[in-house]
Amino acid sequence: IYQAQREKYPWNRFKKRYPDSIGIKELLDNNFIKALKQEDYVYVKYIVPYEENKNAIGFNVWSNEIRKKALILSKQKNDIEITNKIKLVQLKERNTGVLVFNYTKTNKGNEGFCTAVIHIPTILEKVMNELEQANLCIKLIDESNLNDPILSSEGCDLQKENIFQKFTYT
């Protein structure tokens, strides 16, 4: 939505569907605030399932540089684009994930993005449940991020315990 359209948008329909929403919002120091005035907004208008994702409703995806870069590339290539590691706004803890954006345009000229939310800990938990008996340690590491390289780590504490048990002699 463009800034010029923001004032004309039928927010009453949005508020009726999402009464707890403050409208278009962004994060400032881990708190949601009403979105600052900018030329463009790409915000979460609809999300399923709602209850566990309601914090994302109204979030201005365009306000975050990592997300914005993927949105631009998706539109330019008219193809899917995946963000780098992000913190998902709908979760307070264990919120590491990525977003998969797919640019779309209707016959009437409306533009938007279909988005898949990939919650990395959930995927790893499902994998670990399947491989529980194998005593595997799975780590996802982002080698391009020297400050925070570990995306997720599952089963590694248990693996360390097993190693120590195998090599401990009394």
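Of the inter-residue distances, the one linking Asp79 atom CG with Ser74 atom OG reads 7.0 Å to the nearest 0.5 angstrom. Note that CD1 of Ile24 and NZ of Lys37 are 13.0 Å apart. Values are rounded to the nearest 0.5 Å. How far NE2 of His119 is from CG of Leu91: 5.0 Å, rounded to the nearest 0.5 Å. Taking OH of Tyr41 as the start and OG of Ser63 as the end, the distance is 10.5 Å to the nearest 0.5 Å. The distance from atom CD1 of Ile72 to atom NZ of Lys77, rounded to the nearest 0.5 Å, is 12.5 Å. In this structure, Glu52 CD and Gln90 CD are separated by 9.0 Å, a value rounded to the nearest 0.5 Å.
No donor-acceptor pair under 3.5 Å is formed between the side chain of Asn110 and the backbone N or O of Thr106. Judged purely by atom type and a 3.5 angstrom limit, Asn64 uses its side chain to pair as donor or acceptor with the backbone of Ile66.
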For this session: Applying side chain to side chain contact (heavy atoms under 4.5 Å, CB included), run through Ile118 and Ile123 and close with a yes or a no.
Result: CA-CA 8 Å; Ile118 310 298; Ile123 290 173; 3.2 Å; yes
For this session: Take Asn60 and Gln38 through the test side chain to side chain contact (heavy atoms under 4.5 Å, CB included) and record every step on the way to the result.
Result: CA-CA 11 Å; Asn60 182 19; Gln38 35 189 313; 3.0 Å; yes
Exercise. What's the verdict on side chain to side chain contact (heavy atoms under 4.5 Å, CB included) for Asn55 and Phe32, showing C-alpha distance, side-chain angles and the deciding distance?
Worked result: CA-CA 9 Å; Asn55 283 337; Phe32 288 114; 4.2 Å; yes
Problem set entry | Verdict with supporting geometry, Tyr103 and Phe113, side chain to side chain contact (heavy atoms under 4.5 Å, CB included) | CA-CA 4 Å; Tyr103 173 74; Phe113 294 88; 3.7 Å; yes
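Counting heavy atoms from C-beta outward, Ile57 and Tyr50 have side chains that approach closer than 4.5 Å. By the 4.5 Å heavy-atom criterion applied to side chains, Leu27 and Val89 are counted as neighbours. For the pair Lys68/Val61, no side-chain contact is recorded, criterion being any heavy-atom separation below 4.5 Å from C-beta on. In this structure, Thr115 and Val100 have side chains that are not in contact, with every pair of non-hydrogen atoms separated by 4.5 Å or more.
For the side-chain contact (heavy atoms from CB on, under 4.5 Å) with Leu99, the lone residue among Thr83, Asn84, Leu71 that qualifies is Thr83.
Geometric assessment of Lys25 against the ring of Phe59 yields a negative cation-pi assignment under the 6.0 Å and 45° thresholds.
No salt bridge links Glu81 with Lys75; every basic N to acidic carboxylate O contact stays at or beyond 4.0 Å. Taking a cutoff of 4.0 Å between a charged side-chain nitrogen and a carboxylate oxygen, Glu125 and Arg94 qualify as a salt bridge.
No more than 12 heavy atoms of other residues, nucleotides or ligands sit less than 6.0 Å from atom CG of Asn30.
No continuous path of hydrophobic side-chain contacts links Ile82 to Leu73 [ILVMFWY only; heavy atoms under 4.5 Å].
The salt bridge (charged side-chain N to carboxylate O under 4.0 Å, His left out) search around Glu65 returns none, not counting sequence neighbours.
The two residues Cys114 and Thr104 come nearest to each other via the heavy atoms SG-CG2, 4.3 Å.
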